[in-house]
There are 2 protein chains.
Amino acid sequence: MTKTIADIAKLAGVAKSTVSRYLNGGSVSDRTRENIERIIKEQNYVPNTFAQSLKAKRTNFIGTVVPRLDSYATSQTLIGIDEELRKNHYQMLIANTSQDLDREIEAIYDFARQKISGIILLAAQVTEAHLTAIHDIRIPVILVGQQHDQVHSLVHDDKRAGWLMGRHILDQGHRDIVYLGVTEKDRAVGVYRKEGVKQALETCPDCRVRYFETSFKMTDAMAAATRILEDAKPSVIVCATDNIALGVIKAAHLKGVRIPEDLSVTGFGGYDITEMIHPALTTVKYHYFQAGEQAARHIIQLVLEQPVDRLSVLDVELIRRESVDNL
Amino acid sequence: MTKTIADIAKLAGVAKSTVSRYLNGGSVSDRTRENIERIIKEQNYVPNTFAQSLKAKRTNFIGTVVPRLDSYATSQTLIGIDEELRKNHYQMLIANTSQDLDREIEAIYDFARQKISGIILLAAQVTEAHLTAIHDIRIPVILVGQQHDQVHSLVHDDKRAGWLMGRHILDQGHRDIVYLGVTEKDRAVGVYRKEGVKQALETCPDCRVRYFETSFKMTDAMAAATRILEDAKPSVIVCATDNIALGVIKAAHLKGVRIPEDLSVTGFGGYDITEMIHPALTTVKYHYFQAGEQAARHIIQLVLEQPVDRLSVLDVELIRRESVDNL
DNA sequence: CTGAAAGCGCTTACAG
DNA sequence: CTGAAAGCGCTTACAG
């Protein structure tokens, strides 16, 4: 049924090795080249990748571990990874872990088992188990969105993002501020982003700043905001993510609190939707697509044993829109 | 370095075939079983999947072709596919085509080349080239979201969705109606969904209905809505997708048109975000996750050469929220 | 430039 | 229950 290299060789009147050489760009005479070319086309021959990989001991697979598939950040990053990988003739494999840490570890080992060449890890946390797995598999790994000294990392400048936002709301005259953040287990979002905001706000001695915590879910953020709006009466709520901001805005609408007249709200991320809602959300744009592209470039370099910076930091960009009032 | 079945066999003092049999659940005596088990654990042995696939002539890969990664519908469907595939020890491969029809065809052939066992195709259109490719590769294919008599298909009940929405706005007293749809090249969304609406509206002789077309992009929808709001003065705009509805709502906000007091708006899809915006969007919920699960189940059955319905239709559900006024 | 041969790491009849 | 042998479809030195 399906043709093998032997069939082609026989039809072309040459040895299998010659066909293989042709396939792999080795030196072949023009006559045999044309001959083989024609036969391959005629026979609709495609090489068996398993036989290739078995022999060559390597694959063109790059595995990507993602905590979730239904997030703007993940989607954009994946698209960037995929585009760049395609260009370089690598194929992306995705393992979705649905925010389950155990599955994350499992996925790493699974990928190793499949002899993929490298792993791109979009993790929210890096635990000991992660480090052990990364060490065990002896395959290049690059971390995206989080950093760790023992692993090649690519991150967004969370601290600067926080700082930009902190400065901005100060500039707009806000003095009574609520920061609605997330768990510190997520270093990037939970710690650095908040640190940036805090650092900017510390330049303002007469500011009142209160910190609250919620989850990444819009509904949880909504509930948290409802409580906050009952007790505190801040002029602005700085949310750790655009999704949280969306939840806060919803809560405000339901309570009849107008944005930005009664309450300013900000996010982080720069999701497409933040521009479409009303009022449009002031946020800090993260370059997820570019992060994906660069992560792909880095993992390929790592696979090819070329040097790569241990840490790359992507710039971020403040986007001023309508959800912040100028007091 | 990495262990092979031969190493394990030697250490266990048995033949390679015995180890293989153990691995594949064949009959082995308790003693050798325990022995092999122990050695495998000690040596941290993992079978080489390429050698397995080369010999066994099949893989546990299921390829999924998606037109885009950054859409709620795609994400949810992929999650459903992935979950179900995992359960059955299949691995999902994703090819993103960025809405490029040529890449879609290419992806199908690429998958075949990689000897994947089956393909799940989330296409917006089914062209001759698709049919040729599907026919050429001789691998089971299931179409999701679109239907075609020559291919196993799994669809949402677009016609009924349209009908439900048409009935609903009629029930709410709307008589001056604009339908903002998309290209008929997309049969499911462009034709059937619209047909459903039309069918419902035809029961209303004194209704005024006008049809417009836009793209799937929010920004295009926004521009289209801006024009529509200048000329026509409908009481409701029925949008072919939630994203289009989001664009329409944005345009309305910018023009100072209040929703739903001045204009009612509806969508299709049931994206999470539609609940968070204000006012919450009336829409028809599609069960993307379940579609993914079922598509996975079907493709597995097809791979195992079990019978599968040529066409499966998933139910949809009207969700009444605040964006439709009761006149 | 070309070919014969060995081998990648498995699985699968076939004997015993 | 167990083993020896052949073979899956390729690639890679090695000779010529």
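Order of the sequence lines fixes the chain letters, A, B, ..., with proteins taken first and strands second; residue numbering starts at 1 for each chain.
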Discussion item. Is it the case that the side chain of Ser153(B) and the backbone of His148(B) share a donor-acceptor pair, with hydrogens and angles ignored and the cut-off at 3.5 Å?
Written reply: yes
Worksheet entry | Side chain Arg187(A), main chain Gln147(A), donor-acceptor under 3.5 Å | no
Item to complete: Map every base of DNA chain C to its dot-bracket character, where paired means a Watson-Crick or G-U wobble contact with both distances under 3.5 Å and | marks a partner outside the strand.
Response: |||.||||||||.|||
Worksheet item: How long is the line joining NZ of Lys10(A) and P of dC10(D), in whole Å?
Response: 14 Å
Worksheet, complete the sentence: In B/S/- notation (B base, S sugar-phosphate only, - none; protein heavy atoms under 4.0 Å), nucleotides 1-9 of chain D written 5' to 3' is SBBB--BBB
Item to complete: Taking Thr32(A) for its side chain and Ser29(A) for its backbone only, find out whether a donor-acceptor pair lies under 3.5 Å.
Response: yes
Item to complete: Take atom CG of Leu23(A) and atom P of dT12(D), then tell me their distance rounded to the nearest Å.
Response: 12 Å
Worksheet item: Taking NZ, NE, NH1 and NH2 as the nitrogens, is one of them in Arg86(B) or Glu83(B) under 4.0 Å from a carboxylate oxygen of the other?
Response: no
Worksheet entry | Ring geometry between Tyr288(B) and His156(B) (parallel below 30°, tilted from 30 to 60°, perpendicular above 60°) | perpendicular
Discussion item. Does the structure place the NZ or CZ of Arg33(B) under 6.0 Å from the centre of the six-membered ring of Tyr22(B), at an angle of no more than 45° from the ring's axis?
Written reply: no
Practice prompt. Please indicate whether Gln306(B) has more than 12 foreign heavy atoms, meaning atoms of other residues, nucleotides or ligands, lying under 6.0 Å from its CD.
Written response: yes
Worksheet item: Pairs in or reaching into residues 65-78 of chain B: which pass salt bridge (Lys or Arg N to Asp or Glu O under 4.0 Å), with residues at least two apart or in two chains?
Response: Arg68(B)-Asp70(B)
